[in-house]
Amino acid sequence: MPHLLPTSSFIATGSHLRVDGISFSYPDRRVLTDVSFVVSAGDRVGLIGENGSGKSTLLRVIAGVLEPATGGVTVNAPDSHMPKIGLLHQEPPFSTSATIAEALEEAVAPLRRAVEAVSTLGIALSFRPDDPAATDAYAHALDTAERLGAWDVDARISAMLTGLGLDGIDRNRLTGTLSGGQRARLALAWLLLNAPDVLLLDEPTNHLDDAATAYLVG
């Protein structure tokens, strides 16, 4: 069973993650037995273990990709919104036929929608300033946009690409033409920009140089 460290990691960016009694077996062996722990909002927790000890399996169970034999995962998200778990693993979350720009826009779509909601509900509130429901809806949309950091999304995209060493690549280039290392970095950028409530990173520094690793850790 894996022990707590940095080759794979959990980051509860805005939610409380609870893992209760997770067990999982493949046809030829059991890899997880009664795994339980809690990660509080804002905490970073790492996993350490030998190859085949179950680190990636545990992340995939938490993300809902694999069904555990026993136990469960609970994510308590702020504002009672539907929690989102982001998992970085071998397969990138974008199509190889998409351009870099299209992949990035797909990643930040929730942030774009948050900004649009503030605008739409702000207009509605201007027509019904004394309506408590309209006031509450606008306040909730504003809180969501602020929590996601939606206002500076374009600056965040540029900073992310620079930090991960992708800023010199034409954003109109197809992701399928990128090298394996470049696709891995773009997948990491995609996941970070998508702003999940819980971030699961499976050996995220494999394709990063020292500067990009320092950016990610910072």
Side-chain angles (χ1 to χ4, degrees), residues 9-20 37-45 59-65 67 72-89 92-95 98-164 171 175 186-201 204 215-216 218:
S9 60
F10 314 93
I11 302 175
T13 55
S15 302
H16 188 81
L17 170 68
R18 185 180 186 90
V19 175
D20 287 307
F37 58 87
V38 171
V39 181
S40 298
D43 282 356
R44 300 183 182 188
V45 176
L59 295 185
R60 289 166 68 83
V61 169
I62 294 172
V65 177
E67 184 74 22
V73 176
T74 304
V75 178
N76 295 318
D79 304 323
S80 299
H81 74 294
M82 183 68 70
K84 181 169 60 176
I85 298 177
L87 170 64
L88 178 71
H89 53 102
F94 43 79
S95 169
T99 65
I100 293 174
E102 289 169 341
L104 293 171
E105 279 303 308
E106 181 185 3
V108 300
L111 284 72
R112 301 286 193 203
R113 288 195 294 268
V115 172
E116 291 173 4
V118 171
S119 178
T120 299
L121 292 171
I123 293 172
L125 180 61
S126 69
F127 286 104
R128 307 194 310 274
D130 299 322
D131 183 348
T135 300
D136 289 345
Y138 176 76
H140 179 74
L142 188 60
D143 286 344
T144 298
E146 290 177 347
R147 176 176 54 80
L148 293 175
W151 306 114
D152 59 349
V153 61
D154 291 307
R156 288 174 61 189
I157 291 174
S158 295
M160 188 75 66
L161 294 181
T162 299
L164 295 179
R171 294 192 194 181
T175 63
L186 183 59
L188 178 57
W190 192 102
L191 188 60
L192 295 172
L193 289 167
N194 194 238
D197 298 293
V198 176
L199 185 60
L200 309 177
L201 303 177
Y215 173 80
L216 175 63

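The closest side-chain heavy-atom distance from V153 to V115 is not below 4.5 Å. Within the 4.5 Å cutoff, side-chain heavy atoms of D197 are placed close to those of R147. The shortest side-chain heavy-atom distance between W190 and N194 falls under the 4.5 Å cut-off. Within the 4.5 Å cutoff, the side chain of M160 has heavy atoms near those of the Y215 side chain. Residues L88 and P204 are in side-chain contact: their nearest non-hydrogen atoms beyond the backbone lie under 4.5 Å apart. With contacts defined as side-chain heavy-atom distances shorter than 4.5 Å, the pair V39/V19 does not qualify. Within the 4.5 Å cutoff, the side chain of V75 has no heavy atoms near those of the H16 side chain. At a threshold of 4.5 Å between non-hydrogen side-chain atoms, the residues L161 and I157 count as touching.
A donor-acceptor distance shorter than 3.5 angstrom exists from the side chain of S126 to the backbone of I123, with no hydrogens or angles considered. E146 places no side-chain N or O within donor-acceptor distance of the main-chain N or O of D143, the cut-off being under 3.5 Å. Under a 3.5 Å cut-off, the side chain of T99 and the backbone N or O of E102 do form a donor-acceptor pair.
Scanning both residues, T175 and S95, for their nearest heavy atoms gives OG1-O, 2.8 Å. Of all the heavy atoms in A114 and L148, the pair that sits closest is CB-CD1, 4.1 Å. The two atoms that bring R156 and L192 nearest to each other are NH2-O, 4.2 Å, heavy atoms only. Contact record, L59 with L200: O-CD1, 3.4 Å, taken as the closest heavy-atom pair. Heavy atoms only, all atoms of each residue included: Y138 and L121 are closest at CD1-C, 3.8 Å. Of all heavy-atom pairs between I62 and F37, the closest is CD1-CZ, 4.1 Å.
Residue-environment remark: CZ (R18) stays at or below the threshold of 12 foreign heavy atoms within 6.0 Å.
We find that R128 and D130 are not joined by a salt bridge, their nearest charged nitrogen and carboxylate oxygen being 4.0 Å or further apart.
Rounded to the nearest 0.5 angstrom, L111 CG and T144 OG1 are separated by 11.0 Å. Summarising the geometry, atom CG belonging to L201 is positioned 9.5 Å from atom CZ belonging to R44; distances are rounded to the nearest 0.5 Å.
Residues passing the salt bridge (charged side-chain N to carboxylate O under 4.0 Å, His left out) test with R171, sequence neighbours excluded: none. Looking at residues two or more places apart in sequence or on another chain, you find a salt bridge (charged side-chain N to carboxylate O under 4.0 Å, His left out) between E105 and R112. Partners of D136 by side chain to side chain donor-acceptor pair (under 3.5 Å), not counting sequence neighbours: none found.
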### Task
Verify side-chain contact (heavy atoms from CB on, under 4.5 Å) between D43 and L17, making sure each step is shown before the conclusion.
CA-CA 10 Å; D43 282 356; L17 170 68; over 6 Å; no
